[in-house]
Visitor: 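I'd like to ask some things about the structure below.
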Amino acid sequence: MSSNKPATAAGQAANTPVKKNEDTMSGKQKRRERNRLVRQIGTHNKKDNTLTDNIPKISGPIHADRHALARIMEINAMQNNIKKSSFALNELAFQSLPRGLRRRAASHNINRLPARLREKAAREAHSSAPGTPLSRKKVRKIKPPKNIVQEFLRRQRSKQWLETHMWHTKRMKMADIWGHRIASRPNTKSVRVTYRSFTRLSIIHDASYMACIELTGNFDEIMSVMNLITDAGLPSIGSERFVKGNRMGTTNLYEISTYPNNLICPISFLWKPETKDTVWLWVHPSATNEALTYIKKAMKVAKVKQVELNDLRKEILRFELTGPRSTALLQAILDPVQENGTKGNQTWKGLSELRSSCSLSPGSVLGLVVNDPRLKFPQKVPPRNSDISKEDQAKLQKLLESWPTDTSNSPIWEKDIRQSLIENKVSEYGLNLRRQQNLVPGTKLQPTQEDGRIPILLIQRGGVATTKTSGITQKPLSTHEFIEGWTLILPRGYGLAFWKSLVFAGARVAGFEDIRAMHFESGYPCFPQDYPGTRAFEVQRQFVKKAAEAIWEKRPPAKRVNFEKRGVDHPFECAFETLSTVEHMEVESQHNLTVRPTYNLLQGDKIVSAVLASEEELMQTTLAKLRNDRKLTGDEHVSLDDTLVKIRVKYIDRGKPAPFAMIYLLEDPREYDQFTFHIRHQSPLKKSKRKLKELMEVQANVEKINTSLPSKSQHIGYITNGNFSLTLGYGFGVGACTVNGLKKMNAIDESQNRSMTKIVLVRNPSSLEVRPAQLEIMF
């Protein structure tokens with residue numbers, strides 16, 4: 001009998017559910033463990049119930065009542081587990097898959113499910129309709145084209161595909177925009193999932209549609225061209241901090257010698273290390289033709305002879321990774337070549353313990369030579385671990401303090417090397433043949449001389465050091481994880497190889513609508529939707545207006561908003577030209593470009609601060625100094641009636657702004673007191689429900705004023721993008737206002753001696769009421 005006790009104890013231990021350590025488990029493992037636990041019924045310990053001592057061990061009569069009483073704990077445990085596992089048992093096979101792996105035809109074709117779920121799916125199909133044959137509609141099969149390459153080229157006549165187009169088109173909503181066929185958003189519901197990914201995990205976006213323009217030649221001549229069309233309020237692209245090639249810079253592009261008017265678009269640039277004879281410019285595709293036109297025109301004005309302009313739009317790829325896990329993701333994917341003596345490879349290995357890219361200097365560039373990621377596909381990212389030994393911390397700190405100067409060197413700048421990589425690329429079929437020769441299935445391939453050694457550029461992007469935060473945006477921009485990330489520059493032909501590795505390692509894919517949502521949550525404007533005063537904004541504005549009007553006209557008259565009765569003249573667009581009091585003559589288009597709008601957008605803290613100052617002499621002095629530093633000819637002045645400044649607004653009450661919402665001045669002091677009463681009288685140290693209730697009772701006793709809709713003379717701006725901010729927790733918007741309107745707002749604050757300044761009213765196009773909001777100027 002004694003020999004059976006250990007076996008019985010072992011059996012009880014085996015039947016008892018064992019809970020694993022959740023700290024080291026991923027989300028997928030936690031869900032599987034939870035479902036496993038609810039499906040098991042554990043047995044109780046004999047010592048927990050003393051009634052079992054009187055039960056006959058071998059033979060004898062069994063009394064039903066005493067036996068049931070002795071097993072009451074097991075009966076209760078079984079009933080509780082049946083209730084708990086009701087959801088797990090009723091969950092269908094395809095419902096147990098992540099949303100990203102579900103397919104619409106999975107219920108019709110069991111083979112589309114993973115092998116571990118096919119048996120369960122077959123049982124479910126039989127139990128739902130036993131003996132019923134599956135009826136299929138006869139669909140006329142489309143004959144495949146004789147030459148698939150020619151067919152794909154035919155489809156790209158009016159728009160260009162990216163290298164990852166076939167991957168995106170199966171999983172994302174595609175849109176024809178900016179001359180490309182680009183993914184806009186995932187097919188699944190992904191607003192909050194995307195937000196969680198770029199704040200906690202990692203998001204990847206294929207930005208290869210960004211046009212890469214190369215200027216090569218004499219350094220002085222390149223500078224003479226670029227100084228004519230770049231922002232005079234920002235550091236020159238020939239500044240000492242940029243010409244070494246170890247840091248990427250950003251600036252704004254203007255028409256020739258028209259700064260600060262006639263903005264084209266923001267651009268980023270990077271110099272070739274050590275040579276000072278080549279610079280790459282990245283331009284948004286909505287402004288590429290305009291930028292190329294004025295760069296060529298500036299070359300003629302400057303009379304340069306040793307500068308060559310090359311279009312690298314089909315030669316260079318660009319991936320953007322955002323989120324706190326982006327660094328760990330790249331460390332798992334990128335495999336630097338061992339024998340290569342590139343300084344960037346050694347530096348990247350020294351950053352193996354780096355947790356955030358914000359630890360690096362803003363815009364830092366690393367030139368790497370890595371092995372083909374297909375050799376070790378699929379790669380896995382190790383679990384997040386914040387513990388770093390003191391020795392590793394000391395090494396990392398020393399490396400960051402004494403950053404090498406030649407880490408940005410990379411063969412990707414050479415055209416011949418990029419071309420040879422394409423010609424000598426190993427096919428997927430060749431890699432599969434090598435995998436078949438492995439004795440152990442799943443073994444990673446080892447690099448050989450035939451495999452390509454791919455030169456890439458890693459560029460640090462974002463960080464608090466690159467932006468100024470103040471006022472209402474301090475909360476979203478105070479966390480590094482909201483804006484940190486990397487930009488990955490690749491040669492043509494290897495985009496899909498890196499893309500699949502990054503996605504399988506855990507990066508969530510984002511479309512251009514998700515990228516704009518990320519800019520919104522971080523408090524930044526997104527080009528071209530939030531840059532009024534540019535040709536690209538006007539084209540986008542007409543595109544959005546046409547789509548919104550089509551949706552509105554589909555509704556019957558009784559079921560759609562009557563904007564004419566509500567006094568809204570432009571419900572589907574931001575009509576900034578209506579804010580001006582000056583009439584303009586119609587201007588014909590030039591250089592086969594769209595007509596430039598009559599209003600301008602100011603960029604840069606120096607010029608914006610000077611224009612908003614009460615003294616006009618300060619504005620003229622600042623503008624003259626900036627133009628003289630760049631040696632710009634001509635007399636350019638700023639018309640305050642037609643000049644806009646970017647702003648942010650936050651709601652101080654309930655509600656949220658909508659796109660195309662109108663911004664008005666708050667002139668009546670009684671309305672100001674009513675709108676700001678609960679904010680001006682609340683204590684920052686006491687924000688309990690009791691205190692809020694007391695404030696509401698006091699406010700109820702105050703005489704309320706019926707607020708009327710503001711007049712058109714109080715209209716000073718528009719909201720280009722507004723919604724409820726998941727980061728801030730209240731309504732938030734990005735837009736632009738006129739300079740004269742902002743000056744009037746400051747004058748009202750000073751004359752009425754307001755404690756809360758920059759309070760405005762915001763009205764949504766479909767609303768009959770206004771909401772108070774606080775405004776902040778973006779420099």
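Everything numeric in this text was worked out from a predicted model, so none of it was measured.
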Visitor: Charged N to carboxylate O below 4.0 Å: is that the case for D451 and R434?
Guide: yes
Visitor: Determine, step by step, whether Q397 and E401 satisfy the side chain to side chain donor-acceptor pair (under 3.5 Å) criterion, reporting the C-alpha distance in whole Å, the side-chain angles of both residues, the deciding distance to 0.1 Å, and the verdict.
Guide: CA-CA 6 Å; Q397 186 67 24; E401 291 177 354; 3.1 Å; yes
Visitor: Can you check side chain to side chain contact (heavy atoms under 4.5 Å, CB included) on L270 and W282, steps first, answer last?
Guide: CA-CA 9 Å; L270 179 65; W282 278 276; 3.9 Å; yes
Visitor: Within the side chain of S522, is there an N or O that forms a donor-acceptor pair under 3.5 Å with the backbone of H519?
Guide: no
Visitor: Are any non-hydrogen side-chain atoms of L281 and L253 less than 4.5 angstrom apart?
Guide: no
Visitor: Give a yes or no on whether F504 atom CZ has more than 12 heavy-atom contacts from other residues, nucleotides or ligands under 6.0 Å away.
Guide: no
Visitor: Going from CD1 on I267 to CH2 on W280, what distance comes out if it is rounded to the nearest 0.5 angstrom?
Guide: 15.0 Å
Visitor: CZ/R313 to OG1/T288 distance, rounded to the nearest 0.5 angstrom?
Guide: 5.5 Å
Visitor: Is it the case that the ring center of W161 lies less than 6.0 angstrom away from the ring center of H168?
Guide: no
Visitor: Decide if atom NZ of K395 counts as having more than 12 heavy atoms of other residues, nucleotides or ligands within a radius under 6.0 Å.
Guide: no
Visitor: Can you tell me if E428 has over 12 outside heavy atoms packed within less than 6.0 Å of its CD?
Guide: yes
Visitor: Mark yes when over 12 heavy atoms from residues, nucleotides or ligands other than K444 sit less than 6.0 Å from its NZ; otherwise mark no.
Guide: yes
Visitor: Considering non-hydrogen atoms only, spot the tightest contact between N371 and P336 and give its length.
Guide: ND2-O, 4.1 Å
Visitor: Please determine, by modelled atom types, if S202 and S326 share a side-chain donor-acceptor pair under 3.5 angstrom.
Guide: yes
Visitor: Looking only at side-chain N and O atoms, does R435 offer a donor or acceptor that is under 3.5 Å from a partner on N432?
Guide: yes
Visitor: Measure the shortest side-chain to side-chain distance between L488 and L458 over non-hydrogen atoms and say whether it is less than 4.5 angstrom.
Guide: yes
Visitor: Is there a side-chain contact between Q160 and R181 in this structure, where contact means two heavy atoms from C-beta onward sitting under 4.5 Å apart?
Guide: no
Visitor: Looking at K425 and D372, is any side-chain nitrogen of the basic one under 4.0 Å from a carboxylate oxygen of the acidic one?
Guide: no
Visitor: Would you say that F512 contacts C526 through its side chain, given a criterion of any heavy-atom pair below 4.5 Å between the two side chains?
Guide: no
Visitor: Between T322 and R461, is any side-chain donor less than 3.5 angstrom from a side-chain acceptor?
Guide: yes
Visitor: If I take atom OG1 from residue T194 and atom CD1 from residue I515, how far apart are they, to the nearest 0.5 angstrom?
Guide: 9.0 Å
Visitor: Measure the spacing between CZ of F527 and CD of Q540 and express it to the nearest 0.5 Å.
Guide: 10.0 Å
Visitor: Determine whether L354 and Q331 satisfy the following criterion, side chain to side chain contact (heavy atoms under 4.5 Å, CB included), listing intermediate values before the conclusion.
Guide: CA-CA 9 Å; L354 185 68; Q331 289 171 347; 4.2 Å; yes
Visitor: Please evaluate residues V509 and R171 with respect to the criterion side chain to side chain contact (heavy atoms under 4.5 Å, CB included), reporting the C-alpha separation (whole Å), side-chain torsions for both, the decisive distance (0.1 Å), and the verdict.
Guide: CA-CA 10 Å; V509 182; R171 301 164 177 86; over 6 Å; no
Visitor: For the residue pair I459 and G363, what are the closest heavy atoms and their distance?
Guide: CG2-O, 4.2 Å
Visitor: Tell me whether K314 at atom NZ has more than 12 heavy atoms from other residues, nucleotides or ligands lying less than 6.0 Å away.
Guide: no
Visitor: Around atom CD of E391, are there more than 12 heavy atoms from other residues, nucleotides or ligands closer than 6.0 Å?
Guide: no
Visitor: Side-chain contact test, heavy atoms from C-beta onward, threshold under 4.5 Å: evaluate it for L360 versus W403 and give yes or no.
Guide: yes
Visitor: Using side chain to side chain contact (heavy atoms under 4.5 Å, CB included), reason through Y494 and L317 one step at a time and then give a plain yes or no.
Guide: CA-CA 9 Å; Y494 288 88; L317 309 181; over 6 Å; no
Visitor: For the residue pair G367 and L457, what are the closest heavy atoms and their distance?
Guide: CA-CD2, 3.9 Å
Visitor: To check you understand the geometry: which heavy-atom pair defines the closest contact between N409 and E274, and what is its length?
Guide: ND2-OE2, 3.3 Å
Visitor: With side chains defined as the heavy atoms from C-beta onward, is the minimum distance between N345 and V369 less than 4.5 Å?
Guide: yes
Visitor: Using every non-hydrogen atom in the two residues, find where I454 and L421 come nearest and quote the distance to one decimal.
Guide: CA-CD1, 4.5 Å
Visitor: Could you tell me the separation between the OH atom of Y209 and the CZ atom of R318, rounded to the nearest 0.5 Å?
Guide: 9.0 Å
Visitor: Verify whether the ring centers belonging to F319 and F498 lie closer than 6.0 Å.
Guide: no
Visitor: How many angstroms lie between CZ in R492 and CZ in R418, if you round to the nearest 0.5 Å?
Guide: 9.5 Å
Visitor: Give every donor-acceptor pair under 3.5 Å between a side-chain atom in residues 240-249 and any protein atom, sequence neighbours left out.
Guide:
residue, atom, partner, partner atom, Å
R247, NH2, S361, OG, 2.8

Visitor: Does any non-hydrogen side-chain atom of D514 lie less than 4.5 Å from one of I203?
Guide: no
Visitor: What's the shortest heavy-atom distance between L396 and G350, and which atoms?
Guide: CD1-O, 4.0 Å
